[in-house]
Structure formats: C-alpha cells, structure tokens
Amino acid sequence: MTSERRKSYPFDEIEPKWQAVWEERQLFHAPNPGEKSFDPAKRKFYILDMFPYPSGAGLHVGHPEGYTATDIVARYKRMRGFNVLHPMGWDAFGLPAEQYAIKSGQHPAVTTRENVAKFKRQLKRIGFSYDWQREINTTDPGYYKWTQWIFLQIYNSWFNPETKRSEPISTYRGTDPDSVRLAYVADVPVNWCPELGTVLANEEVVDGKSEVGGFPVVRRPMRQWMLRITAYAERLLDELDKLDWPQGIKLLQRNWIGRSEGAEIDFKIDKSDQEIRVFTTRPDTLYGGTFLVLAPEHSLVDLIVTEEQWPAVREYRERTARKSELERVDLSKEKTGVFTGAYAINPGNNEKIPIWIADYVLVGYGTGAIGGVPAHDERDLEFATKFNLPIVVVVQPTGDEPAIGFTGEGIAVNSPIINGLTSAEAKKNIAAWLEERGLGKRAINYKLRDWLFSRQRYWGEPFPIIWENGKHRSLGENELPVVPPPLDDFKPTGTGEPPLAKAKEWVRYSDKALRETNTMPQWAGSCWYYLRFCDPHNHQRFVGEEAERYWTNGDKPGSVDLYVGGTEHAVLHLLYARFWHKVLFDLGYLSKPEPFQRLVNQGIILGEDNQKMSKSRGNIVNPDDVIDQYGADAFRCYEMFMGPLEQMKPWSMRGVEGVARFLARVWRLMMTENQAGQWELSPAVQDVDLSKAQRKILHATIKKVTEDIESLSFNTAISQMMIFVNAFIPQRGTEAIPLAAMQTFLVLLNPFAPHLSSELWENLKLTGEITAQSWPSYDEKFLVEDEVEIVIQVNGKVRDRMKMSIQASEEEIKKATLALAKIQELTAGKQIRKTIVVPKKLVNIVI
RNA sequence: GCCGAUGUGGCGAAAUGGCAGACGCAACGGACUUAAAAUCCGUUGGGCCGUAAGAGGCCCGUGCCGGUUCGAGUCCGGCCAUCGGCACCA
C-alpha cells in the first residue's frame, strides 16, 4: 500500500526545516546600494520569472518549470559571487482574476488575497530562493499609484518625429496637443466582447474570440483610450536585433509589427475634386491597376457614390457591419463587393477605372483603399474575375509561369515609362516619377495598430483622468493613487458603460468635473513590474535612480539579464513592456533602452497522456501532490530532468520516482540508519584521498554541471550527477567515501536540490552555510588519462579498438593499428588507399 | 497559403562531423525477505550466424530520397509528417 511505503529519505522533515532557516536568516535578500550589507565589489545579476496571475486553481506543474530553472541559475550565480536579484510578485489585476471572482460570487479583492496566499504557500514549498522582501502585487495601491503615474507620463508626452523620441508635451509647438499625445481618446471600431462586457486589444483577440474565456468578439465603434504604440513601430522593430531572444519570438514580433515598404499614390476622382490615396508595395504595377477598391467604412464613400448605386452600397455596408470578425476574415468565402458608380483616373495612363467597395479591403491598414491590379495580386484577381473587371499584364515573369496571377518580381511590360526594367528598378523609378509630379510618395506601413488601452471592467487601475466640458485632463501627481470605489456590484454592465460609473459619488470629482470610469487593461501592471522589483518600497519614485542604475545597467541594451517565461506573451506583454520602457527611457527615467536582454521560453508540460493539461481531460498534475509523495527536491529535479527546458514534454510520475530514487541514493551515500531507526552520518564517509578515477569523475562532474547550468541544459547536468553518485556508491560495502568529494558534490547539487544538500552539509559538519560556499572549479589536468582507447575503423566501420598512450604520435598509432591481427586479416591482400588518424580518438583505414 | 520549430529504442532523452542510444523510466531475470515494500545485482534497438557458454562474429538502424566527406543523427538540396504562430495587411 502506498501509504505504508517507507519514505526513501526524510524529505518531509528536511524541507520545511530549511525553508524556515532561509526565511529566518533572510539568506536570499539582495541588498540595494545604500543598504548596510551591500557590497559594491559584487557584480549584479538580474534574473526574472514572468510573475503569475494568481488564479483560483493554484499552481500547476507548468509554472514551476521556468521558476525552477531560474532558481537554479540564481543559486548558482550567488555562489559565483554575484549580487542576484531574483524576485517574485503577483499580476493580480485583470480578467482571469475578475472572472474567477464573479464565478465564485466574491469580491475580487477577497479572492485575490486568497489566491495570492495560496500561490505563495505553494511556491515557498518548492524552496525557491526569491527575495520575498521585494514581493509586489499590482493591485496594491502603493504599486498602482506608480502604474498611474507612468500613464501620466505617457499622457503628457508626444512622439517627436524629428528626434524619433518621446518628449514632454510642452515641447510640442502645434495647436492641438491632444492630437499628438501618446495617450489619446478615439472613436474607433473596437473589439467588443459582449460576454466579458468589455473591449479588448487586437492582441487579446484570437480567431475572432476573446483570449480569456474564448467568447465571441464583434467590431463596434466606441470611444476609447488608445496608446500610440505605432509611433514606436520602427524602433520596436530595429532594436529587436540586439536582444538575445529566441529567433521565433523575434519573428513573431516582427510579423506582428509588420513593416512593409511601398508608395502612396493619389488617384483623382472623375467629375470630382476629391482624391483617393492608396497604399501599395508594388508601385511598379501601377499600369495594371484596372479598378480601385475602398474599404466599406472608408470616409470618402459617402461623397463619391452615385445616386443609383446608393441603395446597393448602403445595403452592403450594413451587411458588412453586422458580420463578426470571424466571418469577415473567413478566407474560404468568395469575394464580395459593390460598384459605387464613381470612376477614378489612373495617374499612370490616365484611364478611367471604376471605384468599388469590398470588405476584403480593411479600413485600418494603409489608407483603407487599394488599386486593384488583378494580373499580379491573387485577391484582386479573384475579385476581378468575379465581377468581370479587366485584367492587364504589366509584369513578365522571367521563368515560364503564366503572367496572369504572377505575384513575383519580373520585367515591367505595358508600362510606358518603365518597360524593360526589373521590378526592383521599376519600383524606384515609378516612385520617383510620382514624387516629381506630386502624385504620390514613398511610404512605409505597419500592421501594428495603436494599443486599445481602456476596459469596461472593475478590477483594474482607474485612469488618473478627469473630464470637464467634454475635455479630458490629467490629475496631479499628488492626487495619486486613484483608488477605485468599493462596489458591491462590480459586474460588467453589458452596455459598454464601465462598472465604476455606478459609483456616482466617486465619479463626481468636483462641481464641474467627472472622473474617467474606464480602467486599464491587465497588461498595465506587468509593463513595468520588473522595474519596481529594483526598489519596491520607494514612496518617492516609481524606482529609485541609484537602484535602477545598479540593477539594470550592463553592457547590453537590455535591463533584466535573464527572463524566463512562456511563449504566449510574444506579442502582448513582451511588446507592451518594450513600448512603455522606451517611453520612460526617452523621458530620461531609465538607463537602458530595452527591458529584457536575454529571453528564454520554457516548453509546455503535457499530461501523462501526451495531451495538453486541462480540467476536462482530467490530466492536470498538482505540484502539492507530487511534493507530498516525493518531496520538493525531487519535484524540482524532475522538472529539470524531463528534457530540454525549451521543449514541450509530457509529465511522468514514474520519472519523478526515478529522480526521487537518485536523491535517496545521495542521502544513503552519506547517511545510514541505526538500530533505533534514526539516520546518522555513515561511518564510510572519511577524510581520505580520492583515487585517480574518483578525482577524474569529480572534476568531470564539476565541469559538466558548470557548463550545463550556464547553457541552461539542466537535464544533462542531473545525468552527470547521477553518474557521479553511481560511481561513488561502494561496490563491496567496505570502501571509504572521501569527504572532500562529497563536500564539492553537495555544492554542485545545491542549486538543484537545496534542501537535501543543506541537510547533508550540516550532517557532515562542514563549516559555514552551504549557500555561502563559492562554486567549485575544475582542473583539466585531472580529466585526461595517460592511456586512451582508440577506435579502429575500416572504411568507416568500427572493427577493433586499442589502448594507446596519449603521447603516441600519429606514426606510432598507425603502426600499432596495422600490427593488430584483426586489421591485418581485414586488409590482407588489399591496397590501403588512405589512413586517417585522429589523435586520441580514432583511426580510419580506407581500402 | 506564408513563417517557424520538431522528427533518434517500448517511453523521457543523450551525442565539438569521429564507438548512435549516455542518464533515467518501463520490462525481464536474480539477490535479500516467511511474504511484501524498500534496496542491490544483471539483461534489454532489430535481424542473422555461432559456441559447452549470454565467448565471438556479421548485417541493418536516427522521418523519406539524394549529395558533400575517409567518416553524417549532426553539413547541403529536395520531399513527407506533427506541432506552434500568422493569415484578404494591398
């Protein structure tokens, strides 16, 4: 029976004991400059986890995967003499927390407090070496005061296109500062999620559904707060290059920002003095433009549509507006559209071309209008075919593929001023030609949209903004934090009016002014939390200057040295945080232009059935259960032993058991059970010299574990420690176990299994705290042997092997090889064409 | 459709262009035990030859096809499959 099974070692006593010791002695507190234990000679290392949303479900085994990896590195770096900043906190505002509160019928402040306590208890049980003195919670007024303060910096800034930097709004010389602020109000079509009762950012909508909860999202025009992240599109793209991030994540951000280079061209409208501006990446195909298409929402539609086409156009626009986002982007459906009755003039050949509206043209991208070039664009071709519009070939492929439908680069034809040029040359020439005549200009477009920053939710930071006479203005710094009113009914209203509007008293700021009732999105708090960790108790500033400079300043552009977390934030948190960071950097508050220097994504942990863990599949593994049965050290080591950190991999309880057995072997290597059933130090552990073989394996282990921690290859580091232990287990039960080897080994094991190694360290009566030891170094000279085995191949196949001195010359090795009976047999009567000798390794005879 | 990652035993995996499968799991056999648990020892990619013997030997094998190389899991080209992301972005 499981319950009666003997524990292989007393982890259930050891682990709480050491956790209490660490807490009591505050061993993992990282002192700031100015604190008395601060040592200016130490180099800093800032290693950060993505802090969790404390959901009601508690931790799952995916959270501690990254956390264990960073904890190992943090403990290792401390022993390497670094002052290590390794903090933890709670991203507690936002939809998941609020949804849970609504479901459980409790106030989010209450559920948040409970959930945080639960998460913290679970994390502490795993023995992470966080500096808990730096714990932060985004829902704490002392924290969100500064989130609001940063919003004010953004609100009171504008992006100066001359300097390509944000500057205080006071440097703006135009007439309407509100039109250039980095935070502004706009009446735009937004993603409205009726089920959640709020609008969502583009990044929070996946396949037409809300990322949280998976509810349908519709387009609906609403007045909302926006952040001008598009101003930073170029810098967000360019400055990605210098970051040590996985290529995949960089690519996701690049694609999301979506830069494309081309030209804007103005088309005159026939019998009107209006013009339509289109954006194209292929100005070289201008002569092939046989129609124009406007987005149905395009503002010029009203002005150009003819009387007889009005009913059809209106009907089409209404139909489009009713469509969900999902229907609209459904690629399998046929193209639709309606003729406006109006014509434009193609500035290339002065031909009259019809103007249509169609929902395949998006109002939000480029100019919301395109020139239809059916011969060289798939979508335009489909549209032209359906509505019988003319198709004119203007690019000749250099291969033998058909010219109609050819979207690649070729040679310009039927295009008087650029005929015969390659597409690349033609693009340049046409752009220059257009610019000369004032018909267009070179242009760059980004897919990135401004960030929709307001939510109609209760559980978020209120905006530090008030409205007076229909105009917004910021509160003063001394009025922060703006604390939300206590509301019993905090549920979304469903109408789009924020719940905060229900608190009439609170909303009334003065006789004339009302408070803004929208709240900030979940991402606001996580946009800068890594900065607050540097100086979490500062009441004067969002982060003290000296603390910021000390913890974030290195020789790279990024502030945090190593950031570990899931890939799901690629275009959300990781993009938003870069944006805020750059604004604060421009305004002179920060030392470095980027938040995160090195980013590592841990892989998803699947259930034992190889499926994604989910409640409905019933394959969720709870860390508490694992720790109850095998202990925190086994849990940590298994999380790391499963496979490479960044890889997706399935959980296996058997695997945990295997790692637990390894830790038990470590324990019994040094401990033995006496008659009374108590563990005591094994008499085999003695102060004896290491054998040559033992010394070799010890140094090989130091080397491997050190290199593997540096490269985050924790699985192979653990393998090596297993090899070490297997080699030191007495074979005949009589050999002594060298104390010095155990001492070094325990230091190596400490980052992985901190409780077990601490307990053994104490039992061996070694001096000082194990956490205060310096990391062992290895000596290459102990790794080499006098003799090595050399593999003998014939035509690349292993046929024999022999021992040779490592000093043996190539000639000697060759001679010895040819003297081998087996080789003589195989080469008898044959001509040896070539002999390759790789010293200390292998000989290959080619016959 | 486009972009990216991955493909190695029954399973998780390991391998600076140089002995494929380290380490661990599972399985099988054994020791200890009245028995079990725990622990320890041994075997374990597939096929074939072979011996008194589990000595020894041969062939095949890292998704598929080809190439470079004395030598390829690793490098190059082309395909296939799985997973992830983006997706009417002009």
Side-chain angles (χ1 to χ4, degrees), chain A residues 1-2 4-8 206-207 246-252 254-256 258-260 262 278-282 285 293 328-331 333 335 358-362 364-373 376-380 382-383 407 445-449 567-568 570-571 603-604 608 610 612 637-638 641-644 646-659 661-662 664-665 668 713 715-723 726 729 731 733 789-801 822 833-838 840-847:
Chain A
M1 266 165 65
T2 326
E4 286 180 31
R5 203 165 62 196
R6 236 191 81 224
K7 289 203 175 63
S8 41
V206 180
D207 291 333
Q247 281 309 316
I249 298 288
K250 286 192 186 183
L251 212 71
L252 283 176
R254 284 200 187 99
N255 292 344
W256 190 264
R259 180 182 199 270
S260 56
V278 305
F279 173 73
T280 177
T281 54
R282 293 296 299 269
T285 62
V293 189
R328 189 159 167 181
V329 295
D330 183 4
L331 290 177
K333 65 143 207 231
K335 292 272 177 294
D359 68 0
Y360 82 93
V361 175
L362 309 173
Y365 183 76
T367 60
I370 61 157
V373 186
H376 307 296
D377 183 281
E378 270 178 57
R379 298 148 302 185
D380 296 345
E382 202 190 317
F383 192 75
T407 57
N445 253 303
Y446 296 93
K447 278 201 262 183
L448 186 69
R449 300 277 76 94
T567 158
E568 68 272 18
V571 291
I604 296 173
E608 300 232 25
N610 245 303
K612 248 188 186 159
C637 288
Y638 176 66
F641 187 63
M642 290 170 83
E646 301 190 53
Q647 191 173 300
M648 187 192 293
K649 45 209 177 279
W651 187 265
S652 157
M653 272 311 182
R654 300 279 200 182
V656 185
E657 214 169 307
V659 173
R661 274 204 279 268
F662 157 66
R665 272 204 302 280
R668 288 195 311 272
S713 309
N715 54 330
T716 48
I718 294 172
S719 293
Q720 182 62 37
M721 289 191 281
M722 287 172 168
I723 292 169
N726 291 344
I729 286 174
Q731 292 304 300
E789 191 176 70
I790 294 183
V791 169
I792 317 295
Q793 297 182 335
V794 176
N795 288 340
K797 292 200 163 120
V798 182
R799 295 299 161 175
D800 207 353
R801 50 197 73 208
K822 181 116 192 241
R833 290 195 294 181
K834 201 173 184 180
T835 307
I836 288 119
V837 179
V838 182
K840 296 182 219 174
K841 265 201 181 136
L842 141 160
V843 178
N844 191 10
I845 297 168
V846 187
I847 50 176

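- In this structure, the nucleotide among B/C23, B/G18, B/A14 sitting nearest to the side chain of A/Ile836 is B/G18.
- A donor-acceptor pair under 3.5 Å links the side-chain atoms of A/Arg282 to the main chain of A/Thr407, judged by distance alone.
- The side chain of A/Leu251 lies closest to B/G4 when the candidates are B/G4, B/C23, B/A90.
- Picking from B/U39, B/C3, B/A90 the nucleotide with the shortest atom distance to the side chain of A/Ser260 gives B/A90.
- Residue A/Lys649 has its side chain nearest to B/G12 when only B/G12, B/C86, B/C23 are considered.
- Classified by its glycosidic torsion, B/G9 falls in the syn category, the angle being within 90° of 0.
- When heavy atoms are screened at a 4.0 angstrom cut-off, A/Asn795 is found touching no nucleic acid atom at all.
- Helical stems in RNA chain B, defined as runs of 3 or more consecutive Watson-Crick or G-U wobble pairs with both donor-acceptor distances under 3.5 Å, are listed by first residue as B:1-7 with B:80-86, B:10-12 with B:23-25, B:27-31 with B:39-43, B:45-49 with B:56-60, B:63-67 with B:75-79.
- Listed here is the closest heavy atom pair of A/Lys447 and A/Trp256: CB-O, 3.7 Å.
- With a 4.5 Å cut-off on side-chain heavy atoms, A/Ile792 and A/Arg799 do not count as touching.
- An OP1 or OP2 oxygen of B/A26 is reached within less than 4.0 angstrom by a side-chain nitrogen or oxygen of A/Arg661.
- Nearest nucleotide to the side chain of A/Arg668, out of B/U39, B/G18, B/A13: B/U39.
- Relative to the side chain of A/Lys797, the nucleotides B/C23, B/A90, B/C60 differ in distance, and B/C60 lies closest.
- If you check distances only, the side chain of A/Arg833 never reaches the base of B/C70 with a donor-acceptor pair under 3.5 Å.
- With sequence neighbours excluded, the residues that form a side-chain hydrogen bond (donor to acceptor under 3.5 Å, both in side chains) with A/Thr716 are A/Asp708.
- Of the candidate nucleotides B/C86, B/C25, B/C88, B/C88 has the atom lying nearest to any side-chain atom of A/Asp359.
- Here the side chain of A/Asp377 pairs no donor or acceptor atom with the backbone of A/Gly372 at under 3.5 angstrom.
- Rounding to whole angstrom units, OH of residue A/Tyr638 and P of B/G24 are separated by 15 Å.
- Nearest to the side chain of A/Gln793, among B/C3, B/A90, B/C19, sits B/C19.
- Checking B/A13, B/C60, B/C88 against the side-chain heavy atoms of A/Gln647 singles out B/A13 as nearest.
- The residue A/Met721 sits apart from the nucleic acid: no heavy atom pair falls under 4.0 Å.
- Atom-to-atom distance recorded for A/Lys822:NZ and A/Arg801:CZ is 9.5 Å, nearest 0.5 angstrom.
- Atom CZ in A/Phe662 sits roughly 13 Å away from atom P in B/C40 (whole-Å rounding).
- For A/Lys841 and B/C19, a side-chain-to-base donor-acceptor distance below 3.5 Å is absent, hydrogens and geometry of angles not being considered.
- With sequence neighbours excluded, no residue forms a side-chain hydrogen bond (donor to acceptor under 3.5 Å, both in side chains) with A/Ser719.
- A close approach under 4.0 Å does occur between a side-chain nitrogen or oxygen of A/Asn715 and OP1 or OP2 of B/A14.
- Note on A/Leu842: a base of the nucleic acid sits closer than 4.0 angstrom, heavy atoms only.
- Relative orientation of the A/Tyr360 and A/Phe383 rings is tilted, given thresholds of 30° and 60° on the angle between their planes.
- A/Ser652 comes within 4.0 angstrom of nothing in the nucleic acid, heavy atoms only.
- Among the atoms of the strands shown, base atoms are found under 4.0 Å from some heavy atom of A/Val838.
- Ranking B/G24, B/C70, B/C58 by closeness to the A/Lys822 side chain, first place goes to B/C58.
- Rounded to a whole Å, the CD atom of A/Gln247 is 17 Å from the C1' atom of B/U6.
- Heavy atoms of A/Val278 sit nowhere under 4.0 angstrom from any nucleic acid atom.
- The CZ atom of A/Arg654 sits 19 Å away from the P atom of B/G10 (whole-angstrom rounding).
- Between the CZ atom of A/Arg254 and the C1' atom of B/C2 there is a distance of 17 Å, given to the nearest Å.
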